[in-house]
Amino acid sequence: MKALVYHGAGERSWDSVDDPGIVDPTDAVVRIDTSTICGTDLHILKGDVPETTPGTVLGHEAVGTVEQVGAGVTTLQPGDRVLVSCISACGRCRFCKERAYSQCLGGGGWILGHLIDGLQAEYARTPFADSSLHKVPEGLSDEQVLFLADILPTAFEVGVLNGMVGPGDVVAIVGAGPIGLAAVLTAQLLTPSQIVAIDLADSRLRRARQFGADTTINDGREDARARVMELTDGLGADVALEAVGTPQTFELATELIRPGGRVANIGVHGHPATLHLETLWSRNVTITTGLVDTSTIPQLMKLIEQGRLDPTVMATHRFALGDTMTAYDTFADAASTDALKVVLEGSAVAAVAAGDRASATAAG
Ligand SMILES: NC(=O)c1ccc[n+]([C@@H]2O[C@H](COP(=O)([O-])OP(=O)(O)OC[C@H]3O[C@@H](n4cnc5c(N)ncnc54)[C@H](O)[C@@H]3O)[C@@H](O)[C@H]2O)c1
Ligand SMILES: [Zn+2]
Ligand SMILES: [Zn+2]
C-alpha cells in the first residue's frame with residue numbers, strides 16, 4: 001500500500017510500504033476513506049517529537065471501512081464504517097475505566113502516527129478496535145465526522161469542559177487556529193454570553209467571526225488585556241482558553257480572567273512558561289491542563305446527527321489521498337493558503353465526489 005512516511009526531521013515521502021495486518025486479537029485493519037493533517041504532524045516533522053521514529057506512517061485522524069478484525073473483536077465486522085479516534089483505549093485499565101483514555105496504561109493513548117503507524121495511508125492497523133473505533137451513523141458523510149477524531153473533542157474537553165464554560169460566561173480564546181476555532185464552535189453549545197477570539201492573523205480572526213465569535217482582537221496590533229477589561233467592566237473574562245502553546249499566550253490567558261476565573265490550557269508547550277503566583281495567588285483562579293481523551297466523541301456525534309453542530313466549516317482544501325505530499329505543503333503554508341483543515345480523500349470517496357461533480361456539471 002501507499003502511505004505518508006516520516007523519515008526524520010524535515011523529511012517525508014509518499015512510499016510503498018507493507019500492507020498492515022492483524023497483530024493482536026483486539027486489532028482491526030481499516031481501509032482509510034478520509035484522513036487529514038494535524039498541526040501536531042508538523043511538530044513531528046520539525047523533529048519536536050523525538051519518540052516518533054523514522055519510518056513511522058503519520059496521521060491520527062480518519063474515517064474508514066473495517067476490512068478485517070482480530071479474533072477478540074466483538075462489536076465490529078468487515079464493512080462497518082468507522083471513525084478512528086486519535087486516542088486508542090485498552091478499555092480495561094484504571095484510567096480507561098475513568099474515561100481518561102489519553103492516560104491509558106494498557107498500551108493505548110496517543111499511539112497512532114506517533115508510536116505506531118498512523119492513518120495517512122491506504123490501510124491502517126487500529127489496536128483495541130472495540131473501544132477505539134466509533135461506528136458512523138448512516139446518513140452522515142465522512143467529512144461531517146472526520147474532525148471528531150481530534151480537534152473537536154480537544155477543544156471541547158480540554159478547553160470548554162475543563163474551563164467549565166457555562167451559560168452567560170464571557171469566554172476569551174487565545175489562538176484561532178483549528179483548535180481555537182473548534183473551541184469557538186463548541187463553546188457555543190454551553191451558551192456563553194460572549195466569545196472573544198484573539199490571534200495575530202486577521203484571516204484567522206475573520207473565520208472566528210464566521211464561526212460565531214462576537215469580538216475579535218488582533219494582539220499584534222492591540223492590547224488584548226485592555227480590550228477584554230473594557231468588555232467586562234474591568235473584571236476580566238470568566239474563562240480563558242489557551243490554544244497556541246507559547247509562554248506569552250499562556251501568561252496572557254492568566255491575565256485575561258476575573259477573580260475566580262478559569263484558564264484552560266490546550267496548547268502543547270515546548271518551553272517553560274512563568275506562573276505569576278505573585279499576582280495570581282489571591283485571585284481564586286483555576287488553571288487546568290490536559291491531553292484529549294476523545295471521551296466526548298459519542299456526545300458530539302449526536303449533536304452533528306441532529307444538525308446542532310457542523311464541523312464541515314473547518315474543511316478548506318480537499319486532495320486525493322495520493323496527493324498527501326501536496327496537501328502537506330498547502331497545510332504547512334497556512335499564511336498564504338489560508339488552510340484550516342485539508343481533507344484527504346481515499347479512492348472510494350474521491351470516486352463518489354467526482355461522480356457528484358460530474359452530475360452537478362451535467363445538471364448545470
Ligand atoms: N492538549 C491537547 O490534547 C492538544 C491536542 C491537539 C492540539 N493541541 C495544541 O493546541 C494548540 C493549537 O493547535 P492548532 O492546530 O490550532 O495550532 P495552529 O498553530 O494551527 O494555530 C495557532 C494559532 O495561534 C496564533 N498565534 C500565534 N501566536 C499568537 C499570539 N501571540 N497571540 C495570539 N495568537 C497567536 C496563530 O496565528 C494561529 O492562528 C497547539 O499547541 C497544538 O499542539 C493540543
Ligand atoms: Zn492532532
Ligand atoms: Zn487503558
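Quick note: residue numbers are just sequence positions, from 1. Remember, it's a predicted structure, so these values are computed and weren't measured experimentally. Atoms within each ligand, like the ligands themselves, are counted from 1 in listed order. Below, all heavy atoms of this structure are taken into account, side chains as well, without hydrogens, waters or symmetry copies.
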Would one find more than 12 heavy atoms of other residues, nucleotides or ligands at under 6.0 Å from atom CD of Glu278? yes
Under a plain distance cut-off of 3.5 Å, with no hydrogens placed, do Thr154 and Asp150 share a side-chain donor-acceptor pair? yes
Take Arg258 and Asp238 through the salt bridge (Lys or Arg N to Asp or Glu O under 4.0 Å) test and state the conclusion after the steps. CA-CA 6 Å; Arg258 63 164 168 84; Asp238 298 288; 2.6 Å; yes
Could you walk me through whether Arg125 and Val23 pass side chain to side chain contact (heavy atoms under 4.5 Å, CB included), step by step? CA-CA 8 Å; Arg125 175 177 82 89; Val23 176; 3.5 Å; yes
Do Phe147 and Val343 come within less than 4.5 Å of each other through their side chains, counting heavy atoms only? yes
Are Leu148 and Ile304 close enough that some pair of their side-chain heavy atoms sits under 4.5 Å apart? yes
Is it true that Arg221 and Asp202 have a side-chain N and a carboxylate O under 4.0 angstrom from each other? yes
Tell me the angle that SG of Cys104 and SG of Cys96 form around the Zn ion (ligand 3), rounded to 10°. 110°
Could you please compute the angle at the Zn ion (ligand 3) from SG of Cys93 to SG of Cys90, rounded to 10°? 110°
Got Ile37 and Leu344 here, is their nearest side-chain heavy-atom distance under 4.5 Å? yes
Quiz question: by atom type and distance under 3.5 Å, do the side chains of Glu242 and Thr249 form a donor-acceptor pair? yes
Pick out the protein N or O atoms lying less than 3.5 Å from any N or O of ligand 1, and list each pair with its distance.
| unit_1 | atom_1 | unit_2 | atom_2 | d |
| --- | --- | --- | --- | --- |
| ligand 1 | 1 (N) | Ile266 | O | 2.9 |
| ligand 1 | 1 (N) | Gly290 | O | 2.9 |
| ligand 1 | 3 (O) | Val292 | N | 2.9 |
| ligand 1 | 16 (O) | Pro178 | N | 3.2 |
| ligand 1 | 16 (O) | Ile179 | N | 2.9 |
| ligand 1 | 32 (N) | Asp219 | OD1 | 3.2 |
| ligand 1 | 32 (N) | Asp219 | OD2 | 2.8 |
| ligand 1 | 37 (O) | Asp199 | OD1 | 2.6 |
| ligand 1 | 39 (O) | Asp199 | OD1 | 3.4 |
| ligand 1 | 39 (O) | Asp199 | OD2 | 2.7 |
| ligand 1 | 39 (O) | Arg204 | NH1 | 2.9 |
| ligand 1 | 41 (O) | Val244 | O | 2.8 |
| ligand 1 | 41 (O) | Val268 | N | 3.0 |

Salt bridge or not between Arg12 and Asp329? Use side-chain N to carboxylate O under 4.0 Å. yes
Polar protein atoms (N, O or S) that approach the Zn ion (ligand 2) to under 2.8 Å: Cys38 SG, His60 NE2, Asp150 OD2
